[in-house]
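Along the sequence shown, residues are numbered consecutively beginning with 1.
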Amino acid sequence: MQIAQGRPGRTHFTVKLVDVHPPNADYPHGFAVNLTDGILRCRFRRSFEKPEPLAPGEVYEIEVTAPDTANRFAAGHRIRLDVSSSNFPRFDVNTNTGEPEAAARRTVVATNTVHMDADRPSHLTVWVEGGADALG
C-alpha cells in the first residue's frame, strides 16, 4: 500500500479479507465473513529493533500481511478488503500519540491516507489455486 500519515504520532494499518455473501431468504441484506486479518505497526515497517516514526505528509510504501487462508468464493459472492488503523479487540488500541503504550493517557484521532492513483498504486495480492487459468 502507498500510505501517508496526516499528523505526528504513531499509526497502524490493518487489513481484513472478507467474503461478502449475497442476500438470500435467511439474510435479506446478505452478510460478511471475516477470513483473515493482519496489522502493520508503521514505526516497525523496516525493523523491530530500530523503530522509525513516519513523517507527516510523506508517502511510504508498506506491506500489511495476513495469515494464509483458504476459501471458495461461490457465485454471487464478493471479495472485500477492509483497511483501517484499528481492529480492536483483535489488536491492542493505538493511541496515535507517539507516547509509550503503557504510559499513554490520551488518544488522538489518526488522519491517514491510502493512495490509489497511477503514481502511487495500492493493491491486494490474492493467490488463486490453479493460477490465472482458474479464473477463465
With the side chain counted from C-beta on, respond yes when Leu124 and Leu17 share a heavy-atom pair under 4.5 Å apart, and no when they do not.
yes
Please tell me whether Leu81 and Phe31 are part of a single hydrophobic cluster in this structure, the criterion being side-chain heavy atoms less than 4.5 Å apart.
yes
Could you state whether Val83 and Val126 fall into the same hydrophobic cluster, counting links through intermediate Ile, Leu, Val, Met, Phe, Trp or Tyr residues with side-chain heavy atoms under 4.5 angstrom apart?
yes
How close do Pro23 and Pro28 get, heavy atom to heavy atom, and via which atoms?
CB-O, 3.1 Å
Heavy-atom nearest pair, Arg80 first then Val20, reads CB-CG2, 3.7 Å
More than 12 non-hydrogen atoms from neighbouring residues, nucleotides or ligands closer than 6.0 Å to CG on Asp68, yes or no?
no
Within a 6.0 Å radius of atom CD on Glu129, are there more than 12 heavy atoms belonging to other residues, nucleotides or ligands?
no
Going through the checks in order, is the side-chain contact (heavy atoms from CB on, under 4.5 Å) test met by Ile79 and Val18?
CA-CA 6 Å; Ile79 298 172; Val18 181; over 6 Å; no
Atom pair CZ/CZ of Arg43 and Phe48 - distance to nearest 0.5 Å
10.0 Å
Are the charged groups of Arg41 and Asp92 less than 4.0 angstrom apart, N to O?
yes
Please determine if Glu61 and Arg120 form a salt bridge, counting it only when a charged side-chain N lies under 4.0 Å from a carboxylate O.
no
When every non-hydrogen atom of Cys42 is compared with those of Ile62, the smallest separation belongs to SG-CD1, 4.3 Å
Would you check if Phe91 and His12 make a side-chain contact, meaning some heavy-atom pair closer than 4.5 Å?
no
Does a side-chain heavy-atom distance below 4.5 Å link Gln2 with Val114?
no
Charged N to carboxylate O below 4.0 Å: is that the case for Glu52 and Arg45?
yes
Measuring only between side-chain heavy atoms, which start at C-beta, is Phe73 closer than 4.5 Å to Leu35?
yes
Single hit among Ile3, Asn112, Asn96, Ile39 for side-chain contact (heavy atoms from CB on, under 4.5 Å) with Ser85
Asn112
Do Ser122 and Met116 have side-chain heavy atoms sitting under 4.5 Å apart?
yes
Hey, could you give me the OG1/NZ distance between Thr36 and Lys16, rounded to the nearest 0.5 Å?
11.5 Å
Can a side-chain donor-acceptor contact be found between Asp26 and Asn24 if the only test is distance below 3.5 angstrom?
no
How long is the gap from OH on Tyr60 to CG on Leu40, to the nearest 0.5 Å?
12.5 Å
So Val15 and Met1, do their side chains get closer than 4.5 Å, heavy atoms only?
yes
Does the side chain of Arg106 come within less than 4.5 Å of Glu99's, by heavy atoms?
yes
Between Ser84 and Ser86 (side chain of the first, backbone of the second, donor and acceptor by atom type, cut-off under 3.5 Å), is there such a pair?
yes
Do Leu54 and Thr11 have side-chain heavy atoms sitting under 4.5 Å apart?
yes
Verify whether one side chain among Thr97 and Thr95 offers a donor that lies under 3.5 Å from an acceptor in the other.
yes
